[in-house]
Peer 1: 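My questions will all concern the structure given below.
The chains referred to below are lettered A, B, ... by the order of the sequence lines, with proteins before strands, and numbering in each begins at 1. As a basis for the values below, the full set of heavy atoms in this structure was taken, side chains included, without hydrogen atoms, waters or symmetry mates.
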Protein chains: 2
Amino acid sequence: MPGSKRLFMTAQRRVILEELKNTSSHPTAEQIFDLARARLPRISLGTVYRNLEILAERGMIQQLAWAGTQKRYDGNPESHYHVRCLNCGRVQDIMVEPLAVITEIFERVCDYEIVGHRLEALGLCRRCLEKSRNV
Amino acid sequence: MPGSKRLFMTAQRRVILEELKNTSSHPTAEQIFDLARARLPRISLGTVYRNLEILAERGMIQQLAWAGTQKRYDGNPESHYHVRCLNCGRVQDIMVEPLAVITEIFERVCDYEIVGHRLEALGLCRRCLEKSRNV
DNA sequence: TTCTATGCAAAGCATTTGCAAGTCC
DNA sequence: GGACTTGCAAATGCTTTGCATAGAA
């Protein structure tokens with residue numbers, strides 16, 4: 001079962017966690033690797049992936065994973081929504097309370113016991129909108 | 001721009017489309033490949049991927065990028081929601097109109113132009129609920 | 001001292017692509 | 001006939017894994 005092993009707080013793990021907490025850009029593993037390598041030049045990409053996996057498993061961070069896209073990571077473990085720019089791929093937080101109405105509606109129309117949902121909005125960020133206006 | 005080319009209805013394309021329309025199981029490309037190969041033994045996986053891409057681009061089918069590692073496909077091009085059973089992994093269609101309120105709310109709290117969203121409910125299907133009751 | 005983690009490189013997996021030959025309209 | 005597709009195989013891109021060594025408690 002996940003979480004049954006002891007968790008050593010190595011320099012690598014601490015740096016990864018810190019960098020993730022210090023950004024709101026929902027970076028990819030590669031971007032986190034770059035941030036971490038600036039502080040620990042010998043850290044490897046494999047270590048970054050391994051730690052991101054472990055930290056997500058323990059609920060210390062969030063993994064934003066949709067098939068067909070690169071995974072992104074969020075230092076905020078609280079559940080919240082995101083918007084993704086279809087043009088540049090940027091992901092940002094949405095400051096909205098979880099929508100209970102979704103659970104209510106879904107429970108009414110199917111015979112599942114609904115325990116949650118994953119919702120991500122798709123759109124165009126202001127930067128990309130402006131760029132396309134100036135073509 | 002997508003859709004500017006003529007679209008030939010080859011045997012491969014027809015079979016892929018038919019198999020997708022005939023199932024409600026939201027198969028992966030590989031599963032569609034197996035279904036198609038039963039009818040066209042020489043079809044290649046690359047052709048399946050290419051056609052799924054083209055058909056989705058033209059709005060004839062849907063590409064579902066859910067949590068997980070593989071994309072899934074839906075022969076129903078109308079946008080609709082899905083529930084996933086956390087226990088057995090089954091995915092089923094939800095017969096609900098797209099919730100416009102989601103777009104409204106998201107547009108109010110961020111400066112993106114929202115063009116859509118992906119929403120997947122998570123829960124336990126009746127079969128799994130009954131099984132757990134009988135333990 | 002023991003269990004856990006790291007670096008490195010190789011492997012894995014889903015998907016995409018180049019190309020010559022074939023097919024559709 | 002010309003545009004579009006196919007099969008095949010190689011390439012790509014992201015992620016995971018094996019293994020010997022290093023580090024944490």
Peer 1: Take the protein atom CZ of A/R42 and the nucleotide atom P of D/dA22, then report the distance between them rounded to whole Å.
Peer 2: 11 Å
Peer 1: Roughly, in whole Å, what's the span from CG in A/N51 to C1' in C/dG7?
Peer 2: 13 Å
Peer 1: CZ of B/R37 versus P of D/dG7: gap in Å, rounded?
Peer 2: 12 Å
Peer 1: Starting from C1' on D/dG23, measure out to CZ on A/R14 and report it in whole angstrom.
Peer 2: 13 Å
Peer 1: Regarding A/R118 and the six-membered ring of B/W66, is the cationic atom NZ or CZ under 6.0 Å from the ring centre and inside 45° of its axis?
Peer 2: no
Peer 1: Nucleotides 9-16 of chain D: which of its N/O atoms have a protein N/O under 3.5 Å away?
Peer 2:
| residue | atom | partner | partner atom | Å |
| --- | --- | --- | --- | --- |
| D/dC14 | OP1 | A/Q70 | NE2 | 3.2 |
| D/dT15 | OP1 | A/K71 | N | 2.9 |
| D/dT15 | OP2 | A/Y49 | OH | 2.3 |
| D/dT15 | O5' | A/Y49 | OH | 3.3 |
| D/dT16 | OP1 | A/K71 | NZ | 3.4 |

Peer 1: Counting heavy atoms not belonging to A/R14, are there more than 12 under 6.0 Å from its CZ?
Peer 2: yes
Peer 1: When the distance from CZ of B/R58 to C1' of D/dT5 is rounded to whole Å, what number comes out?
Peer 2: 13 Å
Peer 1: Is there a side-chain contact between A/L52 and A/Q63 in this structure, where contact means two heavy atoms from C-beta onward sitting under 4.5 Å apart?
Peer 2: no
Peer 1: To the nearest 0.5 Å, what is the distance between CD1 on B/I32 and CG on B/L45?
Peer 2: 10.0 Å
Peer 1: When you look at CZ of B/R39, are more than 12 heavy atoms from neighbouring residues, nucleotides or ligands closer to it than 6.0 Å?
Peer 2: yes
Peer 1: Can you see if the side chain of B/Q12 gets near the phosphate of C/dT23 - specifically, an N or O under 4.0 Å from OP1 or OP2?
Peer 2: no
Peer 1: Please report the distance, rounded to the nearest Å, between CG in A/L7 and P in C/dT4.
Peer 2: 10 Å
Peer 1: When you compare the side chain of A/L55 with that of A/L20, does any pair of heavy atoms fall below 4.5 Å?
Peer 2: no
Peer 1: When you match B/M9 and A/L40 each to their closest nucleotide on DNA chain C, which lands nearer the 5' end?
Peer 2: A/L40
Peer 1: Mind calculating the distance between CG (B/D34) and P (C/dA14) to the nearest angstrom?
Peer 2: 12 Å
Peer 1: Side chains of B/K5 and B/I54: does their closest heavy-atom pair fall under 4.5 Å?
Peer 2: no
Peer 1: Looking only at side-chain N and O atoms, does A/T10 come under 4.0 Å of OP1 or OP2 in C/dA5?
Peer 2: no
Peer 1: Measure from the side chain of A/F8, starting at C-beta and using heavy atoms only, and say which of D/dT5, C/dT6, C/dT4 lies closest.
Peer 2: C/dT4
Peer 1: Between C/dA14 atom P and B/L52 atom CG, what is the distance in whole Å?
Peer 2: 15 Å
